[in-house]
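Below, read A as the first sequence line, B as the second, and so on, with proteins coming before strands; counting in each chain starts at 1.
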Protein chains: 2
Amino acid sequence: MVDKKSPLPMYYQIEEDIKQRIEKEEFRPSDMIPSERELSETFDVSRMTVRQALNNLVSEGILYREKGRGTFVAEKKIEQPLQGMTSFTEDMKARGMEASSKLLVFEKTTAPFDISRKLNVKEDADVYKIQRIRYADQKPMAIETNYLSVDMFPDLDEQTVLGSLYSYVEKKKKQQIAKASQMIEATTADENQAVLLDIPVDAAILYIERNSILSDGTPFEVVKSAYRADRYKFISDIYRT
Amino acid sequence: MVDKKSPLPMYYQIEEDIKQRIEKEEFRPSDMIPSERELSETFDVSRMTVRQALNNLVSEGILYREKGRGTFVAEKKIEQPLQGMTSFTEDMKARGMEASSKLLVFEKTTAPFDISRKLNVKEDADVYKIQRIRYADQKPMAIETNYLSVDMFPDLDEQTVLGSLYSYVEKKKKQQIAKASQMIEATTADENQAVLLDIPVDAAILYIERNSILSDGTPFEVVKSAYRADRYKFISDIYRT
DNA sequence: CAGTGGTCTAGACCACTAC
DNA sequence: TAGTGGTCTAGACCACTGT
């Protein structure tokens with residue numbers, strides 16, 4: 001049941017309970033789960049608390065509601081895509097590979113026009129330019145170039161870049177990283193990319209440009225990545241409105 | 001203020017009111033908006049109703065909360081990406097281009113293995129295979145191949161395909177289309193694709209495979225699209241958990 | 001008709017932040 | 001300490017679905 005003295009909120013405990021019952025196949029896909037009033041009695045909580053739990057599960061795509069009918073268990077996800085925004089290291093780990101990298105460039109430089117616009121800084125402002133080769137299982141996977149505002153992170157150094165850049169950012173700005181806007185395109189390798197990625201000139205490249213944003217809406221980073229198309233596919237979920 | 005007799009829910013009216021006040025710059029980015037208790041007084045509704053409105057705006061990325069401090073206006077989005085899952089026609093319209101298409105193939109056939117798995121049907125089940133060239137402003141943009149289960153849509157015909165496939169699906173299954181799992185890769189054009197898309201052999205192609213899913217979690221469609229990389233970039237937002 | 005989810009109220013106590 | 005958002009209660013009325 002639920003523990004009213006637990007530090008965990010009751011709606012969270014109810015979420016976990018229902019998820020487990022789906023896992024154990026006590027509730028199966030397209031089954032109706034007990035009504036909100038019934039759940040509020042069995043858990044001995046108010047109906048609003050049950051609704052908060054169910055709303056979260058609906059937004060996770062685990063349940064769905066039908067007006068006047070009930071709340072139902074959604075079909076199992078056939079292939080679990082990489083959910084959410086991840087670092088290269090997390091991404092490779094989820095794909096069962098080991099990530100490593102080699103730093104090519106770490107410098108302060110004047111922001112190129114497109115970068116200054118996307119970082120929301122002045123046109124001649126200084127930015128860090130960080131370029132790395134990213135390896136998966138010791139083989140080249142991508143060339144990644146990051147740009148961050150010097151103004152926003154005055155004390156950023158090479159040591160920090162070798163660790164987790166994202167946890168540094170979240171600690172520094174005392175804010176969560178909320179989301180990123182992405183642009184994905186296909187290109188072919190130029191000579192420089194071909195050498196660095198160990199592929200033929202004109203081989204297919206998956207090119208991703210990402211603009212990362214804090215929870216207050218401030219952009220803090222632009223990342224340009226050129227992935228070997230033979231080794232990397234981008235997987236995501238998109239939602240209809 | 002809010003109209004208590006309106007058929008629109010009060011939380012929705014409050015959402016719209018706050019969005020307008022941000023639009024009019026009455027509330028500016030990083031401003032604290034009035035507290036929940038204050039808003040509940042001025043709108044003359046309960047605090048829970050205000051919270052429902054604010055929660056929706058937070059999940060849209062328009063506001064953000066800080067525990068013990070208040071609720072704040074997020075920075076303006078610099079570039080508005082195409083939000084959510086769209087049809088080719090909607091996508092082109094948002095990019096300021098006119099969509100058209102030519103039907104190449106409409107047939108019933110036995111499902112290829114990968115398709116049957118993704119549509120969650122038996123291995124030898126019948127599926128529709130629909131292949132079209134998609135044009136933007138009269139120039140070839142993509143080759144799109146759709147697969148749908150014959151069992152799920154027994155009466156699908158060429159006429160329906162020429163209209164809006166998604167509204168047909170939503171009407172037929174009495175359910176909303178909820179989301180899609182996507183895989184994006186880069187390839188180079190083979191001879192057939194080069195001819196159909198009017199590009200050189202080995203030119204870059206952005207290849208997107210999409211598995212579309214109803215709100216009860218049932219997959220109903222697999223789409224494979226080969227886009228001309230010189231004309232098409234894929235834009236999206238991703239969220240950190 | 002009885003049952004369901006959708007909306008809403010008028011309170012309450014808590015943990016956290018800032019002064 | 002005063003104010004904030006986070007959680008929770010015990011009710012209520014509504015529109016909608018299925019029988």
Table please: side-chain donor-acceptor pairs of residues 154-162 of chain B below 3.5 Å, with sequence neighbours left out.
unit_1	atom_1	unit_2	atom_2	d
B:Asp155	OD1	B:Tyr168	OH	2.6
B:Asp155	OD2	B:Lys172	NZ	3.0
B:Asp157	OD1	B:Gln159	N	3.3
B:Asp157	OD1	B:Thr160	N	3.0
B:Asp157	OD1	B:Thr160	OG1	2.7

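- Proximity of B:Tyr11 to the phosphate of C:dC8: no side-chain N or O atom is located under 4.0 Å from OP1 or OP2.
- None of A:Asn146, A:Thr145, A:Asp114 except one satisfies the side-chain hydrogen bond (donor to acceptor under 3.5 Å, both in side chains) rule with A:Lys224; the exception is A:Asp114.
- A salt bridge does not link B:Lys93 with B:Glu90: every distance from a Lys NZ or Arg NE/NH1/NH2 to an Asp or Glu carboxylate oxygen is 4.0 Å or more.
- Between B:Arg69 and C:dA18, a side-chain N or O to OP1/OP2 separation shorter than 4.0 Å is present.
- Counting only heavy atoms from C-beta outward, the side chains of A:Asp17 and A:Phe43 approach each other to under 4.5 Å.
- Taking the six-membered ring where the residue is Trp, A:Phe106 and A:Tyr128 present tilted rings, their angle falling between 30° and 60°.
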Under 3.5 Å, which protein N or O atoms sit close to an N or O of nucleotides 9-13 of chain D? Give each pair with its distance.
unit_1	atom_1	unit_2	atom_2	d
D:dT9	OP2	A:Ser46	N	2.6
D:dT9	OP2	A:Ser46	OG	3.1
D:dT9	OP2	A:Thr49	OG1	2.5
D:dA12	N6	A:Arg47	NH1	3.3

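- The two atoms that bring B:Ser149 and B:Leu119 nearest to each other are N-CD1, 3.9 Å, heavy atoms only.
- Residue B:Ser35 places no side-chain N or O under 4.0 Å from the OP1 or OP2 atom of D:dG3.
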*Which dot-bracket string describes DNA chain D (Watson-Crick N1-N3 plus N6-O4 or O6-N4, or G-U N1-O2 and O6-N3, all under 3.5 Å; [ ] crossing; | other strand)?*
||||||||||||||||.|.

*Take A:Ile213 and A:Thr218 through the test side chain to side chain contact (heavy atoms under 4.5 Å, CB included) and record every step on the way to the result.*
CA-CA 5 Å; A:Ile213 289 158; A:Thr218 316; over 6 Å; no

